[in-house]
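Presented below is the structure to which this report refers.
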4 protein chains.
Amino acid sequence: MFQLDLKSRKSIYEQIVDKIKELILTEVLTPNEKLPSVRELSKTLTVNPNTILKSYRELEKDGYVYTIGGSGCFVAEKKDRNTDKWKLEELKHRIQNDIMELQYLGLQPDEITGLIKQFIEKGVFYHD
Amino acid sequence: MFQLDLKSRKSIYEQIVDKIKELILTEVLTPNEKLPSVRELSKTLTVNPNTILKSYRELEKDGYVYTIGGSGCFVAEKKDRNTDKWKLEELKHRIQNDIMELQYLGLQPDEITGLIKQFIEKGVFYHD
Amino acid sequence: MFQLDLKSRKSIYEQIVDKIKELILTEVLTPNEKLPSVRELSKTLTVNPNTILKSYRELEKDGYVYTIGGSGCFVAEKKDRNTDKWKLEELKHRIQNDIMELQYLGLQPDEITGLIKQFIEKGVFYHD
Amino acid sequence: MFQLDLKSRKSIYEQIVDKIKELILTEVLTPNEKLPSVRELSKTLTVNPNTILKSYRELEKDGYVYTIGGSGCFVAEKKDRNTDKWKLEELKHRIQNDIMELQYLGLQPDEITGLIKQFIEKGVFYHD
DNA sequence: GTGGTCTAGACCACT
DNA sequence: GTGGTCTAGACCACA
């Protein structure tokens with residue numbers, strides 16, 4: 001499914017959250033698809049089950065997945081995701097800072113916009 | 001100078017790093033300008049001096065400021081900043097994820113590129 | 001593991017960094033080996049945990065060790081170490097000065113080269 | 001005479017000590033030659049006179065210079081220098097560590113000995 | 001005055 | 001258990 005970098009400074013549960021988010025955002029995982037069970041994923045990643053659990057809780061909190069007691073964890077429909085307005089602003093702000101840092105490191109405006117276009121194309125959320 | 005959000009999940013020293021970085025990137029703080037002394041800033045933010053110190057050293061590590069013992073901490077010249085290649089990749093990757101998340105939250109491609117263009121214009125790093 | 005010299009002009013955390021570096025360089029500590037925990041080492045050296053922590057972070061910054069939150073601090077693989085070019089120059093320069101000082105104290109050229117050869121042989125970094 | 005790097009982490013007085021030591025070791029400054037006066041040097045380097053004074057004291061302590069009250073500071077004869085045995089050992093130990101670090105950074109044995117030979121040739125202490 | 005080191009001890013997050 | 005953050009406050013070296 002994906003790989004962890006144990007030596008990274010990012011905590012493991014956070015890496016898992018990010019990776020799964022990414023898989024959902026790139027629609028590798030599609031709505032209502034079942035995620036691997038906690039136990040299963042904990043084995044394949046050789047990670048403590050509690051860590052997986054925490055990741056799933058985090059994803060659920062943000063509305064990326066929903067849990068059905070006793071049967072598992074599933075990718076949520078888009079409409080069910082939390083579009084917290086405050087979170088959107090935070091996101092924009094972070095992107096702004098990162099863009100500034102890119103400029104700072106010497107990237108030219110057209111390089112940046114080129115980069116962004118690539119990124120946008122990788123997202124595939126325009127067929128509904 | 002700026003304010004902290006004690007409720008934030010970000011640690012205090014990290015907030016300080018980010019805020020000062022932002023001030024440098026937006027050229028509110030200009031090269032060779034002196035930062036507030038550790039003790040001074042610690043008073044205005046009502047934060048322990050050690051916490052401020054930690055922030056300053058972090059900024060120094062990334063080449064944003066330089067320190068002259070006994071005389072203070074100063075904004076570094078652009079050319080002295082660390083343009084760590086690995087850091088650049090990390091930055092791009094983070095932007096990519098954030099862009100995807102923006103799309104996910106419903107922003108259309110042209111809205112995003114418009115946003116980015118605004119951000120780029122706010123950066124003022126093209127006069128040298 | 002080793003001993004500190006409290007009377008030294010070198011700061012404690014710096015002594016710890018140097019000693020551990022030495023242990024790694026002489027391969028007494030081998031890649032992926034676990035270092036003593038912060039608290040543990042702080043007890044055996046009767047030094048404050050924060051001081052140990054600082055040493056570990058310094059070593060991490062230079063790529064000698066890596067840290068896995070919640071599980072410990074480990075000796076890094078050779079390839080992961082930072083071979084900062086600037087650091088290399090600094091190192092050479094320091095050796096040059098020290099060599100001159102040796103001469104000054106009366107050592108003859110062949111004595112010095114002899115010494116150096118011994119030192120080189122003690123290093124064991126040629127088996128990969 | 002020489003230049004300081006104010007942005008360096010080395011303290012100013014220490015930089016001065018090292019530079020003057022270097023000038024003496026390379027015999028740019030010869031025995032019994034007069035060093036610039038404290039005031040004079042403090043002006044040319046735009047540094048606080050106390051800082052210069054401290055440097056001179058340090059050099060005197062190590063036997064590199066001697067002071068004649070009211071008339072100035074002079075380069076000492078070789079024989080008057082402190083050849084503190086303990087200091088010699090410390091010096092060797094530091095060189096050993098630095099050599100190991102050089103190896104560690106990938107320099108081959110012959111590269112290192114070549115380097116050392118260059119360094120030795122720069123010293124010119126064999127004509128007496 | 002400046003930054004930097006160190007201690008003691010509390011509290012948090014991750015595994 | 002692990003590392004990491006933060007505080008309060010002492011003390012040092014440098015300019």
Side-chain angles (χ1 to χ4, degrees), chain A residues 4 6 8-17 42 45-55 58, chain B residues 4 6 8-16 34-42 45-58 60 65-74, chain C residues 4 6 8-16 34-42 45-58 60 65-74, chain D residues 4 6 8-17 42 45-55 58:
Chain A
L4 296 177
L6 293 180
S8 164
R9 310 248 6 145
K10 248 199 238 177
S11 64
I12 294 187
Y13 98 91
E14 211 173 345
Q15 286 185 54
I16 296 174
V17 168
S42 98
L45 297 179
T46 56
V47 153
N48 189 309
N50 289 324
T51 306
I52 307 290
L53 202 59
K54 181 161 188 184
S55 304
E58 177 91 6
Chain B
L4 296 177
L6 295 179
S8 168
R9 313 178 49 176
K10 255 199 246 179
S11 62
I12 297 184
Y13 93 90
E14 215 172 342
Q15 287 185 53
I16 296 174
K34 191 178 177 307
L35 295 182
S37 84
V38 170
R39 299 194 208 325
E40 194 182 334
L41 191 53
S42 98
L45 297 179
T46 55
V47 154
N48 187 291
N50 286 325
T51 304
I52 306 290
L53 193 55
K54 186 168 186 183
S55 303
Y56 278 15
R57 296 205 75 182
E58 177 86 9
E60 189 175 22
V65 305
Y66 60 93
T67 287
I68 301 184
S71 123
C73 195
F74 303 83
Chain C
L4 296 177
L6 294 179
S8 167
R9 310 178 52 179
K10 253 197 244 177
S11 63
I12 296 182
Y13 94 90
E14 216 172 340
Q15 288 184 52
I16 296 174
K34 189 177 178 309
L35 295 180
S37 84
V38 170
R39 301 198 210 322
E40 193 182 336
L41 192 52
S42 97
L45 297 179
T46 55
V47 152
N48 187 293
N50 285 325
T51 305
I52 307 289
L53 193 56
K54 188 169 184 182
S55 304
Y56 279 15
R57 297 205 75 181
E58 178 86 9
E60 188 176 23
V65 305
Y66 60 93
T67 288
I68 301 184
S71 120
C73 194
F74 303 83
Chain D
L4 297 177
L6 294 180
S8 165
R9 310 245 10 144
K10 248 200 240 175
S11 64
I12 294 187
Y13 99 90
E14 210 175 344
Q15 286 186 55
I16 296 174
V17 167
S42 98
L45 297 179
T46 55
V47 153
N48 189 308
N50 289 323
T51 306
I52 307 290
L53 203 58
K54 179 160 190 184
S55 303
E58 176 91 5

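Atoms considered below: every heavy atom in the structure, side chains included; atoms not considered: hydrogens, waters and symmetry mates. Convention: sequence-line order gives letters A, B, ...; per-chain numbering from 1.
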Next on the checklist: Tell me the interatomic distance from C/Y66, atom OH, to F/dT2, atom P, rounded to whole angstroms.
Outcome noted: 17 Å
Item to check | D/N48 versus D/S42, closest heavy-atom pair with distance | outcome: C-CB, 4.4 Å
Checklist entry - Would A/I52 and A/Y13 satisfy side chain to side chain contact (heavy atoms under 4.5 Å, CB included), going step by step from the backbone distance to the final call? => result CA-CA 6 Å; A/I52 307 290; A/Y13 98 91; over 6 Å; no
Checklist outcome for this item: DNA chain F nearest-nucleotide lookup for C/P36 and B/K10: closer to the 5′ end is C/P36
Next on the checklist: Is the phosphate of E/dT7 approached by C/T51 (side-chain N or O, under 4.0 Å from OP1 or OP2)?
Outcome noted: yes
Checklist entry - CG of B/L53 versus C1' of F/dC6: gap in Å, rounded? => result 13 Å
Checklist entry - Between D/E58 (CD) and F/dA15 (P), how many Å, whole number? => result 12 Å
Checklist entry - OP1 or OP2 of E/dT2 sitting under 4.0 Å from any side-chain N/O of B/S37? => result yes
Checklist entry - Would you say the side chain of C/N48 and the base of E/dA8 hold a donor-acceptor pair, judged only by whether the two atoms sit under 3.5 Å apart? => result yes
Next on the checklist: I'd like to know if the side chain of B/S8 and the backbone of B/K10 have a donor-acceptor N/O pair within less than 3.5 Å.
Outcome noted: yes
Next on the checklist: Rounded to whole Å, please give me the gap between CG in A/L45 and P in E/dT15.
Outcome noted: 12 Å
Next on the checklist: Rounded at 0.5 Å granularity, tell me how far CD1 in C/I16 sits from CG in C/L53.
Outcome noted: 11.0 Å
Next on the checklist: With salt bridge (charged side-chain N to carboxylate O under 4.0 Å, His left out) as the criterion, how do D/R9 and D/E14 come out once you've worked through the C-alpha distance, each side chain's angles and the decisive distance to 0.1 Å?
Outcome noted: CA-CA 10 Å; D/R9 310 245 10 144; D/E14 210 175 344; over 6 Å; no
Next on the checklist: Need one value for D/V47: base, sugar-phosphate or nothing, where a base atom within 4.0 Å counts as base even if backbone is also close, heavy atoms only.
Outcome noted: nothing
Checklist entry - Closer than 4.0 Å, any side-chain N/O of C/R57 to the OP1 or OP2 of F/dT5? => result yes
Checklist entry - What nucleic acid atoms does B/I12 come within less than 4.0 Å of, heavy atoms only: base, sugar-phosphate, or nothing? => result sugar-phosphate
Item to check | Between C1' of F/dA15 and NZ of B/K34, the distance in whole Å | outcome: 13 Å
Checklist outcome for this item: By nearest-nucleotide position on DNA chain E, the 5'-leaning member of B/E60 and C/I68 is B/E60
Checklist entry - Nearest-Å distance, CG (C/L41) to P (E/dT7)? => result 12 Å
Checklist entry - Any donor-acceptor pair under 3.5 Å between the side chain of B/N50 and the base of F/dG9? => result yes
Checklist entry - E/dC6 C1' sits how many Å from C/E14 CD, rounded? => result 14 Å
Checklist outcome for this item: Taking for B/R39 and for B/S71 the nucleotide of DNA chain F with the nearest heavy atom, the one nearer the 5' end belongs to B/R39
Checklist entry - Any side-chain N or O of A/R9 less than 4.0 Å from the OP1 or OP2 oxygen of F/dG3? => result no
Checklist entry - Taking only side-chain nitrogens and oxygens of C/K54, does any of them come within less than 4.0 Å of OP1 or OP2 of E/dT5? => result yes
Next on the checklist: Run A/S55 and A/E58 through side chain to side chain donor-acceptor pair (under 3.5 Å) and show every step you take.
Outcome noted: CA-CA 5 Å; A/S55 304; A/E58 177 91 6; over 6 Å; no
Next on the checklist: Could you identify the nucleotide paired to F/dC14, looking across every strand shown and requiring Watson-Crick or G-U wobble geometry with both distances under 3.5 Å?
Outcome noted: E/dG1
Item to check | Nucleotide nearest C/S11 (side chain, heavy atoms from C-beta), chosen from E/dG3, E/dC6, E/dT15 | outcome: E/dC6
Item to check | Rounded distance in Å - OH (B/Y13) to C1' (E/dC12) | outcome: 14 Å
